[in-house]
Amino acid sequence: MQSSSLRSSPGLGKLEQRWTEAPYRSYLYSYPHKTAYRDLQPAQSLKELWERDQTDYYFLYMHIPFCGARCGFCNLFTLPDRRADVHAQYVDALRRQAEEWAPWFKGRTFSRFAIGGGTPTLLEASQLNRLFDIAEHTMGLDPMLASISVETSPETVTEDRMRVLKERLVDRVSMGIQSFVEDEAAAIYRPQKPRLAEDALEKLMAYQFPLINIDLIYGLPGQTADTWLYSLEKAISYGPGEIFIYPLYTRENTILKPEQIRSAGTDIRLELYHIARQRLEEAGYRQFSMRRFAKDTSFAHKNVLPFSCQEEGMAGLGCGARSYTREMHYASRYGVSAAATRSIIEDYVAADSHAAADYGFRLSGAEQKRRFILKALLHREGLALSAYEDRFGSNPIEEHSELRELLSIELAELASGVLRLTTRGMAYSDAIGDEFISGDVRELMNGYIIR
C-alpha cells in the first residue's frame, strides 16, 4: 500500500479523478475489442497460423447466435430465431467447419470447452447433443480433462435439454436472470416473468451440476437499492456456486438507449455495486473480478487441466465466435442489427471453406503486453511480475506508466511480486481497462461503423 503522504501529494487528486470519474465507460471483456478488427490483407492461412502456435492447452468455444428475443441492453451478435430447420442448418455448417479445423489440433489438448450465444439451449435436444459429438469426435475433446460450460435461459430449461447437458458431463451452467422484479425485467424488454425464472432455477438446481451461475444486472430503469437487494437475496437463496453482477450498459445500437438511463437522473450503479459486493461477501462468496463472485467449488470428479487466464489458444467455432493465438485474433464480421446479423449467418452457412482468416487483428509485441496485463490485472489473481518478465523479458511497471499511476492512487497494490487491484480499484475495473487501451486500438474502435 502507498503511504498517506504519497496518497495526499499534490496532483494526485486530478490523476485519481481521471481514473475514476466515469466508472462504466467501457466493458473490455476482451482486448482488443472486436470493434477494432478489420479486413486482413492478405488473408491469413489458419493452418499456418495454428502450426506456429505453441500454447500448452487450448480452449474450444462454440457460438450459437440464436435467441428467443433480443433484450433491450443487448448489442451482441445474436438473432431472434426459433426455427428448428435454421438451427439444424447452422449446426451442419459448424460441423463442416470443425472437420476442416480438426487436423490442425490433432494431438493438442483442450482444457476448456464452452458453448455460448445467443442461447445455445434454444436448440432442440438432438441438435444440442450434436454439438458435444462434434467437440469430442471431431475436435478431440476429452470431457474428463476439460471444464465444460453452457449458457441457458429460463424458458429453455427442459428435461430433455438438461439431460443432454448432464450426460455430456457439463460442469457449469450459466443462466441470465438479470432481475427478479417484473417491472425491471419489462423495462429492459426481458421476455420472462419472475415466476418463470424462479421455476427454471428450481429445476436447474435439481440436476446438481457442479457449478451453477446466475447473472444479474444493476442500474436498471426504476431499480432502487431495495429492489436490487431483493434480486440479490433471491439469487443467493438458490445457493448457486457463482453469481455474476453486471452494470447496465447502453449503446446507441441497443434497444434501450443511453438517454433513457440519463433521463432517470442520478446514476446509482456504483452504489448498487458496493451493496452487492458487501452482501455477497457476507453470504460466503469471494470476489474474483468486478463481476464474478464465487464460492469454493470442488472439481474432484474430473482431472481438469490448467488454462492461462490470458486466454490464448482459443479456437472458436461458429458464426460470431472469436479465435485467439498470441499473434492473431480473428472472427467473422461483426453486426448488431437483425439484417446484418442474418446476412452474416447466411454467409457462414453457405461457405465452402473456413481455412483462412480475413477479418481480425494482428497483435504487435506492444499489444500482446497490454493484453497480458489486462487479462491478469482485472482478476483477483493479479499480475505476477515474474510471469510478465518470463514472457516478455522486461518489467511491466517500468514499461507501463498506467501501473505506476494505479499504485500511486491506491487503486492497485504490489505485494510478494504480484500487482493486484485493491478492493476500491476492483470497482473501477471498467475505467482501468479503458485507460489501458492503446491509441492505435482506440482509433480503430472509434472508427467502427455499426451494421
Side-chain angles (χ1 to χ4, degrees), residues 1-2 15-16 18-20 22-37 53-57 59 112 287-292 306-314 322-329 360-446:
M1 297 288 289
Q2 307 299 305
L15 178 62
E16 182 173 359
R18 177 168 65 81
W19 283 89
T20 62
Y24 305 110
R25 67 187 80 166
S26 175
Y27 176 17
L28 203 68
Y29 53 88
S30 179
Y31 185 81
H33 191 272
K34 195 173 180 180
T35 52
Y37 292 13
D53 191 76
Q54 299 300 318
T55 305
D56 292 329
Y57 301 107
F59 191 139
R112 291 188 188 180
Q287 183 170 22
F288 287 84
S289 71
M290 172 185 160
R291 296 165 182 80
R292 179 177 178 246
F307 187 81
S308 167
C309 70
Q310 277 69 36
E311 294 184 9
E312 294 159 338
M314 187 166 93
R322 305 183 210 191
S323 296
Y324 304 140
T325 69
R326 285 190 178 186
E327 64 180 81
M328 177 74 74
H329 292 186
F361 188 96
R362 296 180 188 276
L363 279 77
S364 65
E367 297 297 0
Q368 290 180 37
K369 290 178 178 181
R370 286 188 177 274
R371 174 178 171 78
F372 191 96
I373 289 172
L374 281 171
K375 297 300 289 186
L377 184 64
L378 299 184
H379 295 82
R380 182 180 63 85
E381 291 80 2
L383 174 65
L385 304 190
S386 60
Y388 184 96
E389 291 170 356
D390 289 345
R391 169 78 177 270
F392 300 109
S394 54
N395 184 294
I397 298 177
E398 294 176 358
E399 287 191 335
H400 296 272
S401 61
E402 298 97 333
L403 295 177
R404 297 193 295 275
E405 291 179 5
L406 288 174
L407 289 168
S408 72
I409 56 177
E410 297 183 5
L411 293 184
E413 58 189 358
L414 180 62
S416 302
V418 179
L419 196 154
R420 293 185 176 90
L421 296 183
T422 59
T423 299
R424 182 167 180 264
M426 195 71 78
Y428 293 96
S429 292
D430 283 351
I432 291 169
D434 186 71
E435 288 288 335
F436 267 90
I437 297 174
S438 71
D440 291 342
V441 169
R442 192 180 300 279
E443 184 177 353
L444 288 168
M445 292 172 63
N446 292 340

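These values consider heavy atoms only, across backbone and side chains, with no hydrogens, waters or symmetry-generated copies.
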Let's go through Ser289 and His379 carefully: what are the C-alpha distance in whole Å and the side-chain angles of both, what is the deciding distance for side-chain contact (heavy atoms from CB on, under 4.5 Å) to 0.1 Å, and is it a yes or a no? CA-CA 5 Å; Ser289 71; His379 295 82; 4.2 Å; yes

Trace of the side-chain contact (heavy atoms from CB on, under 4.5 Å) decision for Leu377 with Leu406: CA-CA 11 Å; Leu377 184 64; Leu406 288 174; 3.9 Å; yes

May I ask you to test the [X]-[Y] pair for a side-chain heavy-atom distance under 4.5 Å?
X      : Y      : value
Phe372 : Arg391 : yes
Arg362 : His329 : no
Glu413 : Leu419 : no
Met290 : Leu378 : no
Arg112 : Tyr57  : no

With side-chain contact (heavy atoms from CB on, under 4.5 Å) as the criterion, how do Leu385 and Val418 come out once you've worked through the C-alpha distance, each side chain's angles and the decisive distance to 0.1 Å? CA-CA 6 Å; Leu385 304 190; Val418 179; over 6 Å; no

All side-chain hydrogen bond (donor to acceptor under 3.5 Å, both in side chains) counterparts of [X], not counting sequence neighbours:
X      : value
Ser30  : Tyr324
Arg322 : Tyr29
Glu367 : Tyr31, Ser438
Asn395 : Glu389

Under the salt bridge (charged side-chain N to carboxylate O under 4.0 Å, His left out) rule, collect the residues that match up with [X], sequence neighbours excluded.
X      : answer
Arg292 : Glu242
Arg291 : Asp430
Arg380 : none

Under the 3.5 angstrom rule, does the side chain of Arg442 hit a backbone N or O of Asp434 as a donor-acceptor pair? yes

Heavy-atom closest pair, residues [X] and [Y]:
X      : Y      : value
Leu444 : Ala36  : CD1-O, 3.5 Å
Pro32  : Tyr37  : O-CE1, 3.9 Å
Gly433 : Leu374 : CA-CD2, 3.8 Å

Which pairs pass ring-ring contact (aromatic ring centres under 6.0 Å, His included) with one or both residues in residues 411-438, sequence neighbours excluded? none

Salt bridge or not for Glu16 and Arg424, using N-O below 4.0 Å?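 Counted as a salt bridge, because a side-chain N and a carboxylate O are separated by less than 4.0 Å.
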
Cationic N near anionic O, under 4.0 Å, Arg420 to Glu381: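 Here Arg420 does not pair with Glu381 in a salt bridge, since their nearest N and O are not under 4.0 Å apart.
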
Atom pair CD1/CG of Ile373 and Leu383 - distance to nearest 0.5 Å: 6.0 Å

Enter the distance from Ile432:CD1 to Leu421:CG here, rounded to the nearest 0.5 Å.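 Taking CD1 in Ile432 and CG in Leu421, the distance rounds to 4.5 Å.
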
Once side-chain contact (heavy atoms from CB on, under 4.5 Å) is applied, do any residues pair with Ala22, and if so which ones, sequence neighbours excluded? Arg25

Set of side-chain contact (heavy atoms from CB on, under 4.5 Å) partners for Thr325, sequence neighbours left out: Leu49, Trp50, Asp53, Glu327, Met328

Apply side-chain contact (heavy atoms from CB on, under 4.5 Å) to Met445 and Ile437, showing your working. CA-CA 10 Å; Met445 292 172 63; Ile437 297 174; 4.2 Å; yes

For residues 396-403, please give each side-chain donor-acceptor pair under 3.5 Å, one per line with the distance, not counting sequence neighbours.
| unit_1 | atom_1 | unit_2 | atom_2 | d |
| --- | --- | --- | --- | --- |
| Glu399 | OE1 | Lys369 | NZ | 3.2 |
| Glu399 | OE1 | Tyr388 | OH | 2.6 |
| Glu399 | OE1 | Ser394 | OG | 3.2 |
| Glu399 | OE2 | Lys369 | NZ | 3.0 |
| Glu399 | OE2 | Ser394 | OG | 2.8 |
| His400 | NE2 | Tyr388 | OH | 3.3 |
| Glu402 | OE2 | Arg370 | NH1 | 3.1 |
| Glu402 | OE2 | Arg370 | NH2 | 3.3 |

Between the side chains of Glu405 and Trp19, is a donor N or O closer than 3.5 angstrom to an acceptor N or O?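 Side chains of Glu405 and Trp19: pair found under 3.5 Å.
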
